Structure formats: structure tokens, C-alpha cells
Amino acid sequence: MSQARAVKEILAGMPTSDGAGVKLTRVIGQPRLRNLDPFLMLDRFHSDDPNAYIAGFPTHPHRGFETVTVMLNGRMRHEDSRGNKGLIQGGGVQWMTAGRGILHSEMPEQDRGLMSGFQLWINLPKEEKMCDPFYQDLQPEALAAPGAAPIKTTDLDGKGAARVVSGDLFGVHGPVRNRAAEPLLAHVVLQAGHKIDVPTPVGHTAFFFVNEGSVKIGEKLIKRAEIALLDAGERIVLEAGDQGAQLLLAAAKPFGEPIVQHGPFVMTTAEEIDRAIYDYRRGTLGRD
Ligand code: FE2
């Protein structure tokens, strides 16, 4: 019997705002959970009040890590300094590797209705922090262009569904591949009482965030809007609570390197941060 991961800690997110005033809940990156190597930030946004999201995220820089935007509801337009443009919407994901630098904007393409989803930041190892930036817009099956790898919805024995963004889950290989942290990332919906058993490399950091409903692991109950940090182990075994569960499930390899963060720049030394600020101020970050 391989070892199932126990719950190490359960935390609620912290309400905050970012960008030009978008209201969101910071789950990873808040004072009680600065980071969770290799995860640097997890924000949840969820509102049907346009005032909570309409200002969006006007042009801003990033260096040294990857940003992953998982859209559940709503439409967000992305444009960046390398000429990329894209629209992500319900069921879609944008995976952006900032590498040595990118300037981008993320703006809502709606002025009413529900906007809901997540942004997750995943670190890059020191030797890849200055890599070429690139991004991938991944659409759900119904919207994917011919030949493009979509985010498929996989039925779980008629008792749930999973959308795998990266890594392997239930025999599905997510479309995002060959990332340094070897991430598993999936959005999973389960009916009440349905149990899943997910193998994970033993040393990988693992967590899940309960977006709706609740989740049980052993005697622990993780409620809506809580994150569960998991101990080391070979499998994640969890069961949906009485109202079912909708969750974001993630695991990835920690790098064990220093994390020096200054807003949207995440490097391993203060000197590298100074360099990022210098490059941004003189206008070369995101343009070389
Ligand atoms: Fe951004």
C-alpha cells in the first residue's frame, strides 16, 4: 500500500485587490503562506459585480516564473510586448512563461456577468529564469482550433469530470508539457461521496483549493474557499463532501532555491531583482 498524503494545514484565502483594482482572494502569497515552493501565488477571482473586475490588469511586467490563468467563467483579453494576443474564456487556460521578461495586459472582455477563475504562479529554476518568454492559449474542446491541443473534459465514471491542464490524471495527459516544475494541474468536479486516488511523485509539493462544496481526507473536512496543503506521499486520496466538490488540484517539484520576490519579479538574489527593476525602468525588459 503506497502512502496517501495527509493534510498538513488548511487555510482560507485573504481578500485583496490587484491590477487596477480587481477584487480577488489571495490564497498563496498572503502573509500566512508567502509561497509554497514551487508555487509562488494563487489568486481566486469570482464576482458577478463588474466593479470588482472591470478595471482589469493594465500593462505590467513579469520576470523569472510562469503565470497560469484558469478561466472558469467570463472572458479575458491578453496582449503582450512580444506581439501575442489572445482571448481566454470559460474552460480555457493561458500558460505564460515570463522567462527574462514580458510586459502584458489582462483585461476583461465583458462589462457584466460572472468572471471567475484562478491565477497561479509557478517558479522557474535559477538556470531557466532568463529563458525566452513564450505563452500558450489553451481552449476547451468546443473552441479549440483544428490541430490545437485542447483542454479536454474527462468523465469520471459518471460521478464527476476533470480538466487536466498539465501532467497526467486518470489516463489523460494535459496539453502543457515539458515544464521545469513537472506540474500536475487540474480542475476537478466530483459528485457527493465520490472518491479519487491520484498518484503523485513523493517529493512533489501538493495542494488543492476547494472552489465549491467540500472535500474530505480522512477525518479532515476542507470547506469552500479553503486550501489544503498536503504532506509528502505517493498519492492524493480525497472524497467529495455532502454537496459534492469543485476543486483546483496541483502538485509540482519544489526547487529548493532562494525565492527573492519584488512584486512581479521573482528571482534568487537581490542583485537579480535590482537588475530586473533597472531593465524595466530603462525599457528593455520584455523587449529583448
Ligand atoms: Fe500578469
Side-chain angles (χ1 to χ4, degrees), residues 13-14 16-30 34-36 38-47 52-72 74-89 92-110 115-124 128-138 165-166 176 179-181 183 185 209 248 250 259-267 272-273 276-277 279-281 283-288:
M14 200 182 91
T16 186
S17 68
D18 209 338
V22 177
K23 291 196 170 55
L24 45 82
T25 302
R26 185 142 297 161
V27 184
I28 301 173
Q30 58 162 313
R34 278 288 169 211
N35 51 60
L36 186 68
F39 303 106
L40 301 168
M41 194 190 82
L42 175 66
D43 282 347
R44 176 190 188 241
F45 48 93
H46 182 93
S47 182
Y53 59 72
I54 201 72
F57 300 87
T59 303
H60 58 277
H62 291 288
R63 175 178 280 180
F65 58 99
E66 310 194 77
T67 72
V68 185
T69 307
V70 177
M71 290 300 288
L72 300 178
R75 294 154 64 87
M76 189 87 89
R77 169 84 48 192
H78 163 273
E79 277 188 48
D80 71 37
S81 54
R82 306 182 72 84
N84 300 307
K85 288 184 185 7
L87 180 69
I88 40 170
Q89 48 194 314
V93 169
Q94 188 206 56
W95 194 294
M96 185 183 80
T97 304
R100 69 176 175 273
I102 205 153
L103 296 162
H104 76 159
S105 61
E106 302 155 289
M107 301 301 289
E109 190 149 293
Q110 64 189 50
M115 170 82 71
S116 181
F118 296 97
Q119 190 168 88
L120 178 68
W121 290 7
I122 306 176
N123 210 358
L124 288 168
E128 290 187 35
K129 281 184 173 289
M130 297 297 278
C131 70
D132 290 341
F134 81 104
Y135 96 124
Q136 309 171 60
D137 265 343
L138 301 142
V165 179
S166 177
V176 175
R179 308 316 309 143
L185 180 64
F209 178 83
L248 189 73
I259 296 169
V260 183
Q261 179 167 1
H262 179 79
F265 308 132
V266 183
M267 306 300 288
E272 290 167 343
I273 291 292
I277 294 168
D279 289 348
Y280 178 52
R281 287 190 180 149
T284 55
L285 187 144
R287 303 195 188 280
D288 58 346

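Note that the structure is predicted; figures quoted are calculated from it, not measured. Order of listing sets the numbers, starting from 1, for every ligand and every atom in it.
Note on ring orientation: taking the six-membered ring where Trp is involved, the planes of His60 and His62 are perpendicular (angle over 60°, cut-offs 30° and 60°).
For the residue pair Gln119 and Glu106, a side-chain donor N or O sits within less than 3.5 Å of a side-chain acceptor on the partner.
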Under the ring pair (Phe, Tyr, Trp, His ring centres under 6.0 Å) rule, what do His78 and Tyr135 come out as? Steps first, then yes or no, please. CA-CA 11 Å; His78 163 273; Tyr135 96 124; 4.7 Å; yes
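In Glu106, the N, O or S atom that comes nearest to the Fe ion (ligand 1) is OE1. Restricting His104 to its N, O or S atoms, the one at the least distance from the Fe ion (ligand 1) is NE2.
Pairs passing the salt bridge (Lys or Arg N to Asp or Glu O under 4.0 Å) check and including a residue from residues 59-70, sequence neighbours excluded, read Arg63-Asp279, Glu66-Arg179.
With the Fe ion (ligand 1) as the vertex, NE2 (His62) and NE2 (His60) define an angle of 100°, rounded to 10°.
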